[in-house]
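As structure tokens, the structure follows; a few thoughts come after it.
Below, read A as the first sequence line, B as the second, and so on, with proteins coming before strands; counting in each chain starts at 1. Keep in mind the model is a prediction, meaning the values are calculated, not measured.
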Amino acid sequence: MSRDRILAAIRNSQPERLPLPEKFSFESVFDDLPAQFAAVLATVGGQAVSVNDYAEIEAHLRTAYAGVTNIATTLPQLAHLSDVDLAAVTDPHGLAGLNLAVIEGQLGVAENAAIWLDERNLPHRALPMITQYLAIVVRRSDLVPNMHDAYRRLDVAATGFGTFLSGPSKTADIEQSLVVGAHGARGLVVYLLP
Amino acid sequence: MNVKRTTHPDASASFNRDEARVDWHDETLWFVRSKRDRAARLVPEWEDLREAASRIKDHVLSNMHDLLVQFEQNAVRNGIKVHWAADAAEHNAIVHGILQENGVRQMVKSKSMLTEECGLNEFLKEKGVDVIDSDLGERIVQMRGEPPSHIVLPAIHLKKADVGETFHQHLGTEAGATDPQYLTEAARQHLRETFLTRRVALTGVNFAIAETGGFVVCTNEGNADMGVHLADVHIACMGFEKLLPRTEHLGVFLRLLARSATGQPITTYSSHFYRPRPGQQMHLVVVDNGRSRQLGRPDFRNSLKCIRCAACLNTCPVYRRSGGHSYHSAVAGPIGSILAPNLDMSQNADLPFASTLCGSCSNVCPVKIDIHDQLYKWRQVLVQAGHTPAAKTVAMKTMATVLASPRLYKVAGQLGRKVLRLAPALAENRLNPWYQQREMPEAPKESFREWYARNRSEVRGQKSEKIEQ
Ligand code: SF4
């Protein structure tokens with residue numbers, strides 16, 4: 001069996017055991033986490049909007065996505081804005097026509113504007129990629145400085161799937177020209193709640 | 001897998017025929033390298049992160065057997081089916097077997113250098129399976145019937161107009177179109193249709209975690225996610241060296257990877273897979289294909305730390321001026337030149353010589369692989385194994401072809417000008433490889449002889465004056 005042969009070859013080849021380093025986690029110091037997060041998000045093609053409550057999120061959504069239909073949300077506070085009932089979608093292919101998804105993020109990372117989403121936020125794994133536009137609500141108190149902090153705070157293996165999402169999908173595969181909207185969302189707005 | 005048998009210098013020579021294009025290629029990659037520098041400088045603990053990454057990998061390499069066993073146990077517990085492939089052929093057969101079991105003849109695939117290494121696309125094509133690469137750059141080169149020329153930027157050797165022409169032919173975009181926005185949109189529409197209709201999706205693996213049995217796949221485009229979340233079957237293929245002991249180690253590697261690759265603070269999607277979706281199958285193919293042999297070579301073992309960020313390609317003066325295809329190997333550039341001879345020493349004996357040993361690669365490598373030292377050591381191994389004569393010639397030719405450029409003369413300044421002024425015959429001699437592919441800068445009208453005859457006494461006078469001061 002290949003498994004045993006490979007493992008035996010590895011056992012024969014690997015050098016004497018070297019210890020793991022003790023220090024592999026570092027501290028990042030930012031004066032203002034939301035400002036840092038917002039600045040980095042802008043550099044990766046997204047937009048951060050500071051809001052005080054869901055009413056302000058709603059007002060922003062109504063202007064930014066005026067006239068848009070096929071909207072889904074996982075947030076009960078914004079349910080009246082949606083015309084797609086995620087609970088009724090059993091197959092992710094049913095999300096193909098989605099224009100806007102408004103979801104909740106568990107944690108944001110100030111150094112790289114990444115937001116952790118897992119199956120607790122996503123009724124379908126495809127949701128944040130298949131939608132044309134994406135909006136994520138994150139609490140300012142859920143911002144951490146860097147990835148070490150993020151992994152310390154999260155149990156990333158709690159559900160079957162999770163992702164750190166930083167900005168809208170993008171590519172520079174044609175002559176290094178940045179184009180936003182490769183295969184995933186074409187735009188990302190992050191609402192920062194107190 | 002590109003199995004062209006042209007040597008690196010010959011391939012570089014043809015790449016160097018279009019000088020403007022070589023300059024453009026060179027500058028484009030240097031631009032990516034400078035983005036990496038800016039990103040690294042924003043992280044004060046950058047050097048500590050590199051050290052930590054290197055040491056974590058040291059531990060992984062020295063504990064590979066137990067970590068793999070632990071990983072397998074946890075992955076199986078998560079409902080992932082784990083397969084083991086000793087070589088490329090077995091890897092390809094496993095993937096084909098999964099497709100057959102599911103009665104599927106079409107597959108969408110995101111970027112995986114391992115499947116390039118194994119020649120999976122060609123193999124499946126022969127078996128009548130239609131594979132569509134979903135990374136934009138890979139799709140472009142796939143349509144053109146070319147292999148990727150770079151491990152992160154597969155179509156970096158192409159210009160907008162080339163892509164426009166390819167898309168005009170294959171996707172029916174307007175003839176002559178060069179707007180990247182328009183072309184990307186066309187690819188988006190075409191691939192969306194693919195994502196929505198494929199039942200099997202294959203991805204690579206950036207990191208696998210022994211402690212959880214999960215794995216992480218990083219993309220900017222979202223193509224890996226679009227493929228697998230819409231497919232009934234997810235096949236993930238990884239070289240066994242992708243392993244990390246614990247989740248928290250990902251913090252180190254995700255901070256390094258994208259910054260080193262493109263200067264981004266992180267890829268757009270860093271997706272962590274632990275369990276299949278309800279009703280989905282998740283297969284993971286663990287591949288050796290020479291890796292256990294490399295693990296046993298103390299001088300080259302460290303090459304298995306590579307996280308495929310491509311920083312060493314972007315910074316390499318030889319890669320930048322010879323192009324990825326000249327390396328005739330799935331992984332081009334400095335790291336590819338260390339990995340390739342392990343796979344086939346005689347076919348790849350030229351590659352360790354495709355380097356100036358300037359050490360820039362080792363300086364940027366996020367996991368601190370001693371890349372240029374390993375290239376140097378490979379030369380010695382190859383010499384001992386009897387690959388000397390060809391290899392030696394090859395080295396000379398490579399340097400001559402790749403680095404001969406008017407710009408170098410500018411850099412070399414004085415020296416270059418002196419050679420041209422003092423010994424034009426030497427510079428223009430057809431035997432001088434530096435002269436091939438180039439026009440030499442125009443020589444002054446007055447010949448050296450004439451000038452010397454006229455100025456002899458004057459020069460002598462000045463010289464003696466100077467000496468006397
Ligand atoms: S050898 Fe180092 S620099 Fe080169 S691709 Fe691998 S990790 Fe990146």
For chain B, find which of [options] contributes the most heavy-atom pairs closer than 4.5 angstrom.
options: A:Asp91, A:Leu7, A:Asn146; value: A:Leu7
options: A:Ala126, A:Ser28, A:Ala172, A:Gly45; value: A:Ala126
options: A:Leu178, A:Ile130, A:Thr43, A:Leu95; value: A:Ile130
options: A:Arg3, A:Met147, A:Met129; value: A:Arg3

So, [X] and [Y], do they make that salt bridge, N to O below 4.0 Å?
X: B:Glu193; Y: B:Arg188; answer: no
X: B:Asp87; Y: B:Arg291; answer: no
X: A:Glu119; Y: A:Arg125; answer: yes
X: B:Arg297; Y: B:Asp299; answer: no
X: B:Asp133; Y: B:Lys111; answer: no

Do [X] and [Y] get their side chains close enough for a donor-acceptor pair, meaning under 3.5 Å?
X: B:His190; Y: B:Arg139; answer: yes
X: B:Trp46; Y: B:Asp48; answer: no
X: B:Asn74; Y: B:Glu211; answer: no

Please round to the nearest 0.5 Å and tell me the distance separating atom [atom1] of [X] and atom [atom2] of [Y].
X: B:Asn223; Y: B:Asp225; atom1: CG; atom2: CG; answer: 8.5 Å
X: A:Tyr191; Y: A:Arg140; atom1: OH; atom2: CZ; answer: 14.0 Å
X: A:His80; Y: A:Glu58; atom1: NE2; atom2: CD; answer: 3.0 Å
X: B:Ile156; Y: A:Ile174; atom1: CD1; atom2: CD1; answer: 11.5 Å

Query raised in the report: Once the angle between the rings of B:Phe207 and B:Phe253 is folded into 0 to 90°, is it parallel (under 30°), tilted (30 to 60°) or perpendicular (over 60°)?
Result: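 Because their plane-to-plane angle lies in the 30° to 60° range, the rings of B:Phe207 and B:Phe253 count as tilted.
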Contacting moiety of [X], where chain A heavy atoms sit under 4.5 Å:
X: B:Glu45; answer: side chain
X: B:Leu68; answer: side chain
X: B:Thr219; answer: neither
X: B:Ala258; answer: neither
X: B:Gln294; answer: neither
X: B:Val217; answer: neither
X: B:Thr212; answer: side chain
X: B:Thr262; answer: neither
X: B:Leu250; answer: both
X: B:Val163; answer: side chain

Count the heavy-atom pairs under 4.5 Å between each of [options] and chain A, then report the option with the highest count.
options: B:Arg255, B:Glu90, B:His249; value: B:Arg255
options: B:Ala155, B:Pro276, B:Cys218, B:Gly213; value: B:Pro276
options: B:Arg293, B:Arg259, B:Glu51, B:Gln264; value: B:Arg259
options: B:Ser54, B:Gly222, B:Pro44, B:Ser271; value: B:Ser271
options: B:Leu42, B:Asp288, B:Leu136; value: B:Leu136

With only heavy atoms counted, which part of [X] is less than 4.5 Å from chain B, the side chain, the backbone, both or neither?
X: A:Val156; answer: both
X: A:Glu27; answer: backbone
X: A:Asn12; answer: neither
X: A:Lys23; answer: backbone
X: A:Val180; answer: backbone
X: A:Phe164; answer: both
X: A:Pro19; answer: backbone
X: A:Glu111; answer: both

**Report entry** CA sep, side-chain torsions, deciding dist, call: A:Arg186, B:Glu185, salt bridge (Lys or Arg N to Asp or Glu O under 4.0 Å)
**Finding:** CA-CA 10 Å; A:Arg186 298 172 187 271; B:Glu185 182 62 30; 2.7 Å; yes
Query raised in the report: Do side-chain atoms of B:Lys160 reach the backbone of B:Pro180 as a donor and acceptor pair under 3.5 angstrom?
Result: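 The answer is no, because no donor-acceptor pair under 3.5 Å joins these two groups.
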